[in-house]
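Each remark here refers to the structure printed beneath this line.
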Amino acid sequence: MEQNPDPETGHRSSISTPLHVVQKVKQNLVFRSKWAELNGAMGDLGTYIPIVLALTLAKNLDLGTTLIFTGIYNFVTGAIYGVPMPVQPMKSIAAEAISNPSFGIPEVMAAGICTAGILFLLGVTGLMQLVYKLIPISVVRGIQLAQGLSFAMTAVKYIRNVQNFSKSKSAGERHWLGLDGLLLALICACFIIIVNGSGDDNDDRETACEIDDSGRRASPTTRRRKLRKLIASLPSAVIIFLLGVVLAIIRGPKAVKGFKFGPSSIDVVKISKHAWKEGFIKGTIPQLPLSILNSVIAVCKLSTDLFPDKDVSASSVSITVGLMNLIGCWFGAMPCCHGAGGLAGQYKFGGRTGACVALLGVAKLVLGLVLGSSFVKILDQFPVGVLGVLLLFAGIELAMCSRDMNSKEESFVMLICTAVSMVGSSAALGFLCGIVVHLLLRLRTLGDGQSLSSFWFAQNS
C-alpha cells in the first residue's frame, strides 16, 4: 500500500482506502466485553439526563429530536475514535437558558451554532492542535481537577437535596426513605464501591482468578478469589440505571399510559437577528473557553492517558464538535460537545472501545424514534439521587487523573488553576491564572543555563 509522510509527526502512514476505513471502523466498534461496554455507556448519564431534562421542562426543548441527533453523534464518534468519546450538552449555554427567561430555544441554537463554527475553524486550520501543544500539562490537570470536583459537589447536592431542574434550584433536604430517598442513594453508592472498587482495571485480577481445572477441590483462598471475580464482573451502572427506570415507572405510572409512539416532527428552527446577537453574547462567549479547555484539550489529554494506542488529536475533536452542532442545532437538537468528565465516567464503569458509546447511541436513537418527546415523562420521575451517584463517581474518576504530577512546581500550578476555576466558577479564569503562574515559575529558572527554545516546553512534554 502506498505511504505518505504524516504532516504533523513526519512518520509515514498508509493512504486511507475505502476498505481500510471499513476495517478501522470495525476495529473501533469491537466489543472488549459486552457487559463492560454496556456498563460503561451508563457512566455519562449523570450529566446528560439532568441538563436535557431541565431544558425540556424549562424551555420546551424537543427531547425526541435531541435523542435522535445525539444518538447519531454517539455512534459516529465511537466509530471514528475507537474510544468511549462522550456526547454531553454544552453546560454554559444550558445554564444561561435555565436561569434567563428571555433566553429561549432560538437563542440556545444560535449560541450552539456560533460556538460550533469557531471550533470548526480552529480545527481545520490546525490552530487547535497548536494550542494543545502549548498548554502546560499542569494547567490541563488543574482544569480536569476543577471539573471533576465540580461534578462531585454537584452530585452530592443531587443526593442530599430534592432538585427542581426546571428552575435549577434545590427544593429542601431529601428524606431518608422513599423511592428517591437518601438511603437508596447511599445503597447504590456502596454497591458501586463494592463492585468497582477505586476504579482500577480488573484485567490482571481476572487473569489471576482463573478457575483451577485440575479437578482438585478449591481452597478457601481460591473460592474467595472466584467470588471477587464474580462481584467485579457485575454491570453495576446498568443495574443501577435499570433500578432507576423501574422506580420511575412506579413513581409515575400515568407517564407510561401517556406515551405517544413515533418520532417528533423535525423542523428547522427560525433564528432572528436578535436571537443571533443574544445567543453569541450570552451563550457563545462564556461557552467557548469551556469548550476549548474541557471539551477538546482536556478530552484529548485524558484520551491519551487512558488509550495511548489511539490517535485522538485536538484538531479532529474540534472538527467533530463543530460539525455536530453546525448540523443538529438548525433542527432544535441541544448543543453538544465532548467532555473529559463523561470520558472518565464511561471508563470508570468499563467502557474501553467505541462500541461503548455506539451502544448508547443506538439506545438514544431507538428511544427518539419510538417514543419521541413523550419519554420526558419517565425522565421526570427518574430518582435524582441515583443520577447523583453516577455523577459522583464520574467526577471522582476525572479528578483522580491529576495524581500524576511529578514535582511540587507542577502541583503548585495545578492547584492554583483548580482553586481559581472553582471559586470563580470559570474555567477560563483558572486557565489564565495557571498560565501566568507557570510563566512566572519558568522565568525564575531562565538564567540557569536554559535556552529560550526550552523555556516554555521544559516541563510540558
Side-chain angles (χ1 to χ4, degrees), residues 41-42 44-75 86-91 93-98 100-101 103-113 163-168 241-242 244-271 275 279 283 324-325 327-337 357 359-384 386-387:
M42 304 295 106
D44 190 30
L45 298 182
T47 303
Y48 181 86
I49 291 179
I51 295 177
V52 172
L53 177 60
L55 283 170
T56 302
L57 296 176
K59 297 295 180 179
N60 293 319
L61 176 75
D62 193 325
L63 178 62
T65 299
T66 295
L67 285 172
I68 291 172
F69 275 95
T70 55
I72 295 172
Y73 301 160
N74 275 129
F75 191 91
V87 173
Q88 300 178 323
M90 290 188 177
K91 300 174 185 62
I93 294 176
E96 178 64 26
I98 294 169
N100 187 345
F103 200 86
I105 291 299
E107 286 79 8
V108 169
M109 299 308 153
I113 292 170
Q163 300 297 316
N164 185 341
F165 287 130
S166 63
K167 296 182 179 179
S168 191
F241 180 73
L242 292 178
V245 172
V246 172
L247 293 177
I249 294 174
I250 295 174
R251 294 178 69 200
K254 294 182 180 179
V256 179
K257 297 179 181 178
F259 275 161
K260 295 181 180 179
F261 294 97
S264 306
S265 59
I266 300 178
D267 302 313
V268 176
V269 177
K270 297 180 180 178
I271 306 175
M324 287 191 305
N325 296 286
I327 297 173
C329 287
W330 287 105
F331 301 98
M334 174 64 202
C336 291
C337 57
V357 287
L359 279 173
L360 181 61
V362 171
K364 289 179 181 178
L365 196 57
V366 170
L367 288 173
L369 291 174
V370 175
L371 298 179
S373 294
S374 62
F375 187 62
V376 71
K377 298 177 181 179
I378 286 291
L379 293 185
D380 193 28
Q381 297 298 324
F382 198 96
V384 178
V386 173
L387 289 178

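Just so it is clear, the structure is predicted and the values come from calculations on it, not from any experiment.
Residue S264 comes nearest to G64 through the heavy atom pair OG-CA, 3.8 Å, listed as atom of the first residue, atom of the second, then distance. Across A97 and L55, no two heavy atoms sit closer than the pair CB-CD2, 3.6 Å. Residues I51 and A94 approach most closely at CG2-CB, 3.6 Å, considering heavy atoms. Closest non-hydrogen pair, V87 versus C336, comes out as CG1-CB, 3.8 Å. The nearest pair of heavy atoms linking N325 to G112 is CB-O, 3.9 Å. Between P106 and A275, the shortest heavy-atom contact is CB-CB, 4.0 Å.
Separation of atoms CG (L63) and CG (L379) is listed at 6.0 Å; rounding is to 0.5 Å. Here the CZ-CG distance, from F165 to L57, works out to 9.5 Å after rounding to the nearest 0.5 Å. Atom CD1 in I327 sits 9.0 Å away from atom CD1 in I72 (nearest 0.5 Å). Atom-to-atom distance recorded for F331:CZ and T65:OG1 is 10.0 Å, nearest 0.5 angstrom. Taken from OG1 in T70 to CD in Q88, the straight-line distance is 11.5 Å, to the nearest 0.5 Å. Considering CZ of F103 and CD1 of I98, their distance stands at 11.5 Å, rounded to 0.5 Å.
Side-chain contact between V384 and P50 is absent, with no heavy atoms from C-beta onward closer than 4.5 Å. A heavy-atom distance below 4.5 Å is not found between the side chains of F375 and T56. Annotation: side chain of V357 is not in contact with side chain of Y73 (no heavy-atom distance under 4.5 Å). Looking at N100 and E107, their side chains never come closer than 4.5 Å, going by heavy atoms from C-beta outward. The side-chain heavy atoms of V108 and K59, taken from C-beta on, include no pair separated by under 4.5 Å.
No donor-acceptor pair closer than 3.5 Å links the side chain of N74 to the backbone N or O of V362.
Counting non-hydrogen atoms of neighbouring residues, nucleotides and ligands closer than 6.0 angstrom, the CZ atom of F75 reaches no more than 12 such neighbours.
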Practice task
Run the numbers on D380 and R251 for side-chain contact (heavy atoms from CB on, under 4.5 Å), then give the verdict.
Solution key: CA-CA 10 Å; D380 193 28; R251 294 178 69 200; over 6 Å; no
